[in-house]
Number of protein chains: 2
Amino acid sequence: MVGGGSAKQPKYQRIAEALKASVHSGEYRPGDRLPGENDLMDTYGVARMTARQALGVLQSEGIAEARKGAGVFVRDFRPVRRRGIQRLAADRWGAGQSIWSADIDSRELLVDHVTVTHQPAPAPVAAILGLDPDDTVCVRTRRFVLDGKPVLLSTSYLPADLVAGSPITREDTGPGGTYARLAELGAKPVHFREEIRSRMPTSTEADDLKLPAGTPVILVCRTAFTDDGRPVEVNEMTLDAASYILEYDFDA
Amino acid sequence: MVGGGSAKQPKYQRIAEALKASVHSGEYRPGDRLPGENDLMDTYGVARMTARQALGVLQSEGIAEARKGAGVFVRDFRPVRRRGIQRLAADRWGAGQSIWSADIDSRELLVDHVTVTHQPAPAPVAAILGLDPDDTVCVRTRRFVLDGKPVLLSTSYLPADLVAGSPITREDTGPGGTYARLAELGAKPVHFREEIRSRMPTSTEADDLKLPAGTPVILVCRTAFTDDGRPVEVNEMTLDAASYILEYDFDA
DNA sequence: AAGTGGTCTAGACCACATC
DNA sequence: ATGTGGTCTAGACCACTTG
């Protein structure tokens with residue numbers, strides 16, 4: 001090492017901290033371009049890989065986002081609020097409204113892509129729905145976009161014999177959506193369980209959601225039950241964690 | 001390039017995918033050591049930095065965990081289930097039980113460290129509690145450990161004038177915890193709101209929770225309301241995402 | 001003592017975005 | 001055309017863990 005660089009802390013961390021301080025102080029605002037690899041090499045007298053490492057810290061913490069050929073930019077965080085309980089109140093979807101319309105604050109959440117297929121039930125889904133592993137399920141997948149960016153992947157599983165012949169097996173389920181149709185089939189969902197996890201995305205998920213590095217996904221697995229406790233739907237959702245705040249309101 | 005390596009995919013991604021496949025196929029089980037940098041350099045004929053990059057993919061996806069001087073190991077995922085609604089049922093904490101005891105599946109969740117201080121209310125907390133920014137709040141911080149590993153940081157804010165003189169200002173709040181004491185003070189919490197987000201941890205959080213690279217945190221912000229709608233507590237929790245599944249049960 | 005991952009250098013070529 | 005980040009090499013020294 002040339003100079004008297006003394007601190008026990010790695011160089012790239014010191015550089016990363018200086019950058020983070022500049023971001024938090026407001027010197028760089030969301031959307032601004034940060035100093036690039038070449039700038040950092042000059043400013044701090046380090047090799048390219050070390051400058052890269054420093055910028056990598058900010059990306060892996062979700063503070064910055066690299067755009068190939070353009071630079072590294074400060075990310076903005078403008079999440080949608082998703083109300084997990086009110087949104088599923090029966091008077092909402094019972095009235096013919098889409099569940100999803102309750103979510104948005106002026107921005108539009110649109111369905112990008114829909115598929116409906118029939119498959120043998122995956123083992124964990126079969127276990128929840130109380131099916132045999134060779135029973136078939138109706139699988140509905142949807143992708144939702146907000147401001148042109150995909151933010152939510154949804155895969156819904158329903159027992160094939162329950163929904164056979166209903167609009168649930170078509171792309172457009174009609175007013176009120178799947179739950180209104182289930183009610184018409186005598187399987188009205190009245191109780192819900194949502195399980196929430198978070199982890200880093202697989203490369204496939206990062207691709208589908210166009211996630212920059214450093215963005216986790218939130219996994220929501222919802223099970224819908226009828227009044228006699230029968231599970232009638234399992235819905236696995238993958239959310240861009242930077243796009244969502246989940247809210248649950250309840251009484252003691 | 002020496003051989004006929006043709007694919008458009010970067011080398012480090014191909015190596016990473018091969019490793020991931022081996023993990024998913026069960027060739028390497030949780031806790032097993034993966035091939036190290038030197039192994040990959042030999043096997044694939046790449047430079048050290050490329051082998052590092054490949055291992056970095058698995059770490060940043062939360063599949064593997066590096067232990068300095070030892071190797072890179074397959075991580076195991078054994079989360080605790082936290083029931084967000086039942087756990088706050090009044091008959092639980094009303095009966096003198098700790099809220100946290102409902103969480104565990106045989107493993108023990110212990111409080112590691114407790115602090116109680118008084119501070120001016122941080123702006124966002126003041127806004128939620130309806131305080132002036134210069135009003136003081138009682139701040140209770142706790143760290144919870146599971147199997148010796150810290151999994152949850154909790155910071156609770158209460159209006160200082162409300163809790164003055166009560167056991168809430170002491171480290172040990174007594175049977176039933178803070179909520180039982182609030183009830184005795186005529187500020188019984190009956191309604192709760194939990195807001196959930198996820199992001200990558202700051203370096204401080206990663207340190208406090210001893211998080212390996214590639215583990216996000218889940219942020220739960222709970223506000224407790226009395227029956228007349230007055231907010232009496234804001235509790236900001238930071239969870240190791242690899243240690244928790246959150247569950248919410250509710251009716252339509 | 002040997003092997004491991006962590007950090008760092010000093011080069012290089014490429015695809016891509018912006019101008 | 002220039003500059004950007006993305007990938008890659010071939011070395012090096014260090015701190016750490018394990019046998």
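Atom set for the values below is all heavy atoms of this structure, side chains included, hydrogens, waters and symmetry mates excluded. Throughout, a chain's letter reflects where its sequence line sits, starting with A, and its residues are numbered from 1.
Atom pair B/M49:CE and C/dA10:P shows a separation of 15 Å (rounding to whole Å applied). Counting to the nearest Å, the C1' atom of C/dC8 and the CD atom of A/Q9 are 16 Å from each other. Following rounding to the nearest Å, B/Y44 (OH) and D/dT9 (P) show an atom-to-atom distance of 14 Å. Distance CG (A/D42) to C1' (D/dT4): 14 Å, rounded to an integer number of Å. B/M41 has its CE atom 10 Å from the C1' atom of D/dT9, to the nearest Å. For B/R14 and D/dC8, the CZ to P distance is 12 Å, given to the nearest whole Å.
Among residues at least two apart or in separate chains, salt bridge (charged side-chain N to carboxylate O under 4.0 Å, His left out) pairs with a member in residues 43-59 of chain A are A/E37-A/R48, A/E37-A/R52.
Comment: A/R199 does not engage B/E61 in a salt bridge, judged by the lack of any side-chain N to carboxylate O separation of less than 4.0 angstrom.
Residues A/V217 and A/L209 have side chains in contact (heavy-atom distance under 4.5 Å, counting atoms from C-beta outward). Taking 4.5 Å as the limit, every side-chain heavy atom of A/M237 sits out of range of all side-chain heavy atoms of A/C221.
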Atom pairs, protein N/O to nucleotides 3-5 of chain C N/O, distance under 3.5 Å:
| from | atom 1 | to | atom 2 | distance (Å) |
| --- | --- | --- | --- | --- |
| C/dG3 | N2 | B/G69 | O | 2.9 |
| C/dT4 | OP2 | B/N38 | ND2 | 2.7 |
| C/dG5 | OP2 | B/E37 | N | 3.0 |

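For A/T50, no side-chain nitrogen or oxygen approaches OP1 or OP2 of C/dT7 to under 4.0 Å. For C/dT7, one of the phosphate oxygens OP1 or OP2 lies less than 4.0 angstrom from a side-chain nitrogen or oxygen of A/Y12.
Under the side chain to side chain donor-acceptor pair (under 3.5 Å) criterion, A/T141 pairs with A/T115, sequence neighbours left out.
Annotation: cation-pi geometry not satisfied between B/R33 and B/Y28 (NZ/CZ under 6.0 angstrom from ring centroid, within 45° of ring axis).
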